[in-house]
Amino acid sequence: NLSTARNVLAGFGIQTAAVAAGGTTGSDSNATEEYNGSGWVAGGNMNTARRSTSGCGTLTSGLIFGGAPVPSGGAVTEEYDGSSWTESGDLSTARRDIAAGGVQTAAFCAGGETAPGGFSNDTEEYNGTSWTSSNNLNTARKNLAGSGTLTAGLAFGGVKSGPAKANETEEYDGTSWTSSGSMNTARSEVGGAGIQTNTLVFGGEAGPGTSSAVENYDGSSWTTNSNSLSGNRQGTAGTGSGRPSSIVFGGYTGSART
């Protein structure tokens with residue numbers, strides 16, 4: 001287990017070298033933990049405590065950005081070197097609960113919540129120093145997840161206007177977004193891990209109620225996995241290369257943080 005139970009946190013890395021950062025324990029956290037394939041140890045604290053942040057990269061070259069509260073935490077970007085965090089260029093659009101993918105020097109973020117009740121379709125790209133606007137998502141939404149790389153990215157799930165749970169999936173080629181096969185179960189606050197042609201989505205809020213469902217994406221469509229999470233939870237973080245080498249951690253069961 002994580003040393004500190006929390007939800008709506010960020011995760012990045014691989015299954016045997018992962019990072020959990022930020023989130024909420026009931027109050028906003030700046031805690032970082034590192035996973036070696038069997039247990040967690042404390043890493044360096046983030047400079048800005050926040051929840052609903054997003055991340056990508058590796059344990060020794062990681063990135064987090066956005067988060068709540070918006071706007072004070074929603075534009076902040078920090079880089080991780082395996083021991084400490086350094087602030088970098090802010091997002092152009094402050095927001096929380098964003099889809100993310102890529103590495104520390106070539107990342108994307110898309111969607112999110114720019115203000116209470118708002119839905120964004122903004123996309124930005126990070127070059128290791130600063131963010132640049134790119135083409136919008138086709139479906140504006142918040143509380144979604146992402147995976148993949150800057151030139152082969154994926155965004156899925158979330159909440160869209162209505163409001164309604166989203167099952168839309170979109171693929172990113174580094175320039176524009178293309179709609180693809182929908183998730184079988186529409187849900188928000190999902191966790192995700194993998195690459196554009198091999199991604200897992202797990203848990204989330206299926207509305208109403210918290211889900212344990214797991215689905216696999218093969219580059220065109222989603223298949224429900226018979227192996228669900230051990231319990232229902234939403235607001236998890238995840239990372240890894242998809243199936244069969246990923247990890248999910250943290251979240252909220254509906255009554256407790258994990």
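Heavy atoms only: backbone and side chains are in, while hydrogens, waters and symmetry mates are out.
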Apply the test side chain to side chain donor-acceptor pair (under 3.5 Å) to residues Gln234 and Thr210: give CA-CA distance (whole Å), side-chain angles for both, the deciding distance (0.1 Å), then the verdict.
CA-CA 6 Å; Gln234 64 192 72; Thr210 303; 2.7 Å; yes
Between Asn216 and Thr223, does a side chain to side chain donor-acceptor pair (under 3.5 Å) hold up when you go through it step by step?
CA-CA 5 Å; Asn216 315 314; Thr223 303; 5.8 Å; no
Between Glu168 and Arg141, is the salt bridge (charged side-chain N to carboxylate O under 4.0 Å, His left out) condition met? List the steps.
CA-CA 10 Å; Glu168 284 87 346; Arg141 46 198 152 138; 5.1 Å; no
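Residues Leu200 and Leu229 fall within the same hydrophobic cluster, defined by Ile, Leu, Val, Met, Phe, Trp and Tyr side chains chained together at heavy-atom separations under 4.5 Å. Residues Ile247 and Leu9 are members of one and the same hydrophobic cluster, defined by side-chain heavy-atom contacts under 4.5 angstrom among Ile, Leu, Val, Met, Phe, Trp and Tyr. When hydrophobic clusters are built by joining Ile, Leu, Val, Met, Phe, Trp and Tyr residues whose side-chain heavy atoms come closer than 4.5 Å, directly or via intermediates, Val19 is grouped together with Ile64. A chain of hydrophobic side-chain contacts below 4.5 Å, direct or via other Ile, Leu, Val, Met, Phe, Trp or Tyr residues, connects Tyr126 to Ile98. Under the 4.5 Å side-chain contact rule for hydrophobic residues, Tyr172 and Leu154 do not share a cluster.
Side-chain atoms of Thr24 come within 3.5 Å of backbone atoms of Gly26 as a donor-acceptor pair (strictly under, hydrogens ignored). Side-chain atoms of Arg233 come within 3.5 Å of backbone N or O of Gly250 as a donor-acceptor pair. A donor-acceptor distance shorter than 3.5 angstrom exists from the side chain of Arg50 to the backbone of Gly66, with no hydrogens or angles considered. The closest donor-acceptor contact from the side chain of Thr77 to the backbone of Gly89 lies under 3.5 Å. With hydrogens and angles ignored, the 3.5 Å screen pairs no side-chain donor or acceptor of Glu125 with any backbone N or O of Ser134. Although no hydrogens or angles enter the test, the distance criterion places no donor-acceptor pair under 3.5 Å between the side chain of Ser228 and the main chain of Val214. With hydrogens and angles disregarded, a donor-acceptor distance shorter than 3.5 Å links the side chain of Glu124 to the backbone of Thr93. Looking at Thr123, its side chain does come within 3.5 Å of a backbone N or O of Asn135 through a donor-acceptor pair. Between the Glu170 side chain and the Ser179 main chain, no donor and acceptor come within less than 3.5 Å of each other. Listed for the Glu215 side chain is no donor-acceptor partner under 3.5 Å among the backbone atoms of Met183.
Remark: Ser84 OG to Glu78 CD distance equals 10.5 Å, nearest 0.5 Å. Expressed to the nearest 0.5 Å, how far CG of Asn7 lies from OG1 of Thr236 amounts to 9.5 Å. Distance check, rounded to the nearest 0.5 Å: CG of Asp173 to OG1 of Thr149 gives 10.0 Å. With rounding to the nearest 0.5 Å, the separation of OG1 in Thr129 from CD in Glu79 is 7.0 Å. A distance of 8.0 Å separates OG in Ser83 from CD in Glu34, rounded to the nearest 0.5 Å. Atom-to-atom distance recorded for Thr258:OG1 and Asn1:CG is 8.0 Å, nearest 0.5 angstrom.
Between Asp28 and Arg51, at least one side-chain nitrogen of the basic residue sits less than 4.0 Å from a carboxylate oxygen of the acidic one, meeting the salt-bridge criterion.
Ring pair Trp40/Phe249 is perpendicular by interplanar angle, where above 60° counts as perpendicular and below 30° as parallel. Between Tyr80 and Phe12, the ring planes lie perpendicular to each other; the angle is over 60°, past the 30° to 60° tilted range.
For the pair Ala110 and Trp177, the tightest heavy-atom approach, listed with the atom from each and the gap, is CB-CZ2, 3.6 Å. The two residues Cys109 and Leu91 have their closest heavy-atom pair at SG-CD2, 3.5 Å. The two residues Ser29 and Arg6 have their closest heavy-atom pair at OG-NH1, 4.2 Å. The two atoms that bring Phe65 and Cys56 nearest to each other are CE2-SG, 4.1 Å, heavy atoms only. Contact between Ala106 and Leu150 at its shortest, heavy atoms only, is O-CB, 3.6 Å. Contact detail for Ala99 and Ala155: the closest heavy-atom pair is CB-CB, 4.1 Å.
The side chain to side chain donor-acceptor pair (under 3.5 Å) test with Trp222 is passed by exactly one of Asn167, Thr185, Asn184, Thr169: Thr169.
Residues Asn143 and Glu205 have side chains not in contact (no heavy-atom distance under 4.5 Å, counting atoms from C-beta outward). Within the 4.5 Å cutoff, the side chain of Thr178 has no heavy atoms near those of the Ser180 side chain. In this structure, Leu2 and Thr4 have side chains that are not in contact, with every pair of non-hydrogen atoms separated by 4.5 Å or more. Two residues are said to be in side-chain contact when any heavy atoms from C-beta on lie closer than 4.5 Å; Leu144 and Leu137 meet this criterion. With a 4.5 Å cut-off on side-chain heavy atoms, Lys165 and Val159 count as touching.
Counting only N and O atoms by type, the side chains of Thr199 and Ser147 include a donor and acceptor under 3.5 Å apart. With hydrogens and angles left out, the side-chain atoms of Asn47 and Glu87 include no donor and acceptor closer than 3.5 Å.
Within the structure, side chain to side chain donor-acceptor pair (under 3.5 Å) contacts touching residues 239-254 (residues at least two apart or in different chains) are Thr253-Ser255.
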